[in-house]
Asker: 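Got a structure here, written out as structure tokens. Questions coming.
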Amino acid sequence: MTRRQVTAGILAGATVTGAALAADHSADDVTLPVPRSAGGMPLLACLKRRHSTREYSERPLSEQTLSDLLWAAFGVNRPSGDRTAPYWRHVMVMDVYVAKSDGVWLYDAQVHALHRYLPDDIRAQTGLQDFVATAPVNLVYVAHGERMKDISPEDRRLYASVDAGFIGQNVYLFCASEGLGSVFRGAVDYAKLDRLLKLPEGVFVTFAQTVGYSRA
Ligand SMILES: Cc1cc2nc3c(=O)[nH]c(=O)nc-3n(C[C@H](O)[C@H](O)[C@H](O)COP(=O)(O)O)c2cc1C
């Protein structure tokens, strides 16, 4: 499986993604621990705590916390394969990339696994603010605009941004529950990040979001 195939969305159809990745147990596929789907802080307490954080320690997230985070962000929450966040017209366009010190990983929600996408630490390139380089996790929300048929390029950006926003709020609320910091970010050099992620025509970065422990 090449990076281009992954990016081009050959793996992007819900069931196909899972089947393909499940069959490809290379060293670069990481099956995440089963995510917690119960517990956490009450919703109203999370809403009370939700805020943006811009100072992070370098403390990494445990595998379990990363697993829980990704499930909360955009994991599968029903037998239909649908997700914790709503998405435009039931057309799956969003991919969640995870930029960590050990490289860039693509989240496969159907099998709840990470597939290595790039070996490089590109955290510094996921945004224009200094903290992104050292925070343990930067999520990058990538949209397959080419799957959004019969609408203008402007509307593709609009609806993809809304999809990303819902995921972002899930992440904010999960972080509030877990005592993690987060910030949803549009201050990104988009052309550079699209290039770095080798995104083909029509596929684009919408927003990024940092997650980590607050330095305070
Ligand atoms: C679309 C969008 C883009 C944002 N981009 C950035 C950003 O690039 N950098 C940043 O530090 N915060 C960014 N934020 C976070 C906002 O600055 C923040 O949510 C706002 O100041 C309110 O603060 P709060 O989240 O602590 O309530 C963004 C928020 C949204 C919704």
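We count ligands from 1, going down the list as the structure has it; atoms in each ligand are counted the same way. These figures come from a predicted structure and were not determined experimentally.
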Asker: Count I, L, V, M, F, W, Y as connected when their side-chain heavy atoms are under 4.5 Å apart, and connections chain through other members. Are V93 and V76 then in the same cluster?
Answerer: no
Asker: Ligand 1 and V183, any nitrogen or oxygen pair closer than 3.5 angstrom?
Answerer: no
Asker: We want to know whether Y141 and S161 form a side-chain donor-acceptor pair, criterion being a heavy-atom distance below 3.5 angstrom.
Answerer: no
Asker: Tell me which protein heavy atom sits closest to atom 27 (O) of ligand 1, plus the residue, atom name and distance to 0.1 Å.
Answerer: R50 NH2, 2.6 Å
Asker: Is there side-chain contact between I122 and L193, with at least one heavy-atom pair below 4.5 Å?
Answerer: yes
Asker: With heavy-atom distances below 4.0 Å as the criterion, list the atoms of ligand 1 near A187.
Answerer: 7 (C), 8 (O)
Asker: What do you reckon, are the aromatic ring centroids of H112 and Y107 less than 6.0 Å apart?
Answerer: yes
Asker: Considering heavy atoms of the protein only, find what lies nearest to atom 12 (N) of ligand 1 and give residue, atom and distance to 0.1 Å.
Answerer: R54 NH2, 3.2 Å
Asker: Can you tell which of T53, N138, V171 makes a side chain to side chain contact (heavy atoms under 4.5 Å, CB included) with V211?
Answerer: V171
Asker: Just need the protein heavy atom nearest to atom 9 (N) of ligand 1, so name the residue and atom and give the distance.
Answerer: Q129 OE1, 2.9 Å
Asker: Looking at D68 and V34, what are the two nearest heavy atoms and their distance?
Answerer: OD1-O, 4.4 Å
Asker: For H51 and ligand 1, does the shortest N/O to N/O distance drop below 3.5 Å?
Answerer: no
Asker: Counting only heavy atoms not in Q129 (residues, nucleotides, ligands), do more than 12 fall under 6.0 Å from its CD?
Answerer: yes
Asker: So which heavy atom in the protein is nearest atom 26 (O) of ligand 1, and how far is it from that ligand atom?
Answerer: S52 N, 2.8 Å
Asker: Tell me whether R185 has any N or O atom under 3.5 angstrom from an N or O of ligand 1.
Answerer: no
Asker: Based purely on interatomic distance, does F207 place a nitrogen or oxygen under 3.5 Å from a nitrogen or oxygen of ligand 1?
Answerer: no
Asker: Within the 4.0 Å heavy-atom shell around G186, which atoms of ligand 1 are there?
Answerer: 3 (C), 4 (C), 5 (N), 6 (C), 7 (C), 8 (O)
Asker: Do me a favour and list the nearest non-hydrogen protein atom to atom 14 (N) of ligand 1 with residue, atom name and distance?
Answerer: F184 O, 3.0 Å
Asker: Scan the protein's non-hydrogen atoms and note whether one is under 4.0 Å from atom 20 (C) of ligand 1.
Answerer: no
Asker: Can you see which heavy atom on A135 is nearest to which on T210, and at what distance?
Answerer: CB-CG2, 3.3 Å
Asker: Within 4.0 Å of atom 7 (C) of ligand 1 (strictly less), any protein heavy atom?
Answerer: yes
Asker: Ignoring hydrogens and angles, tell me if any N or O in the side chain of Q209 forms a donor-acceptor pair with the backbone of G168 under 3.5 Å.
Answerer: yes
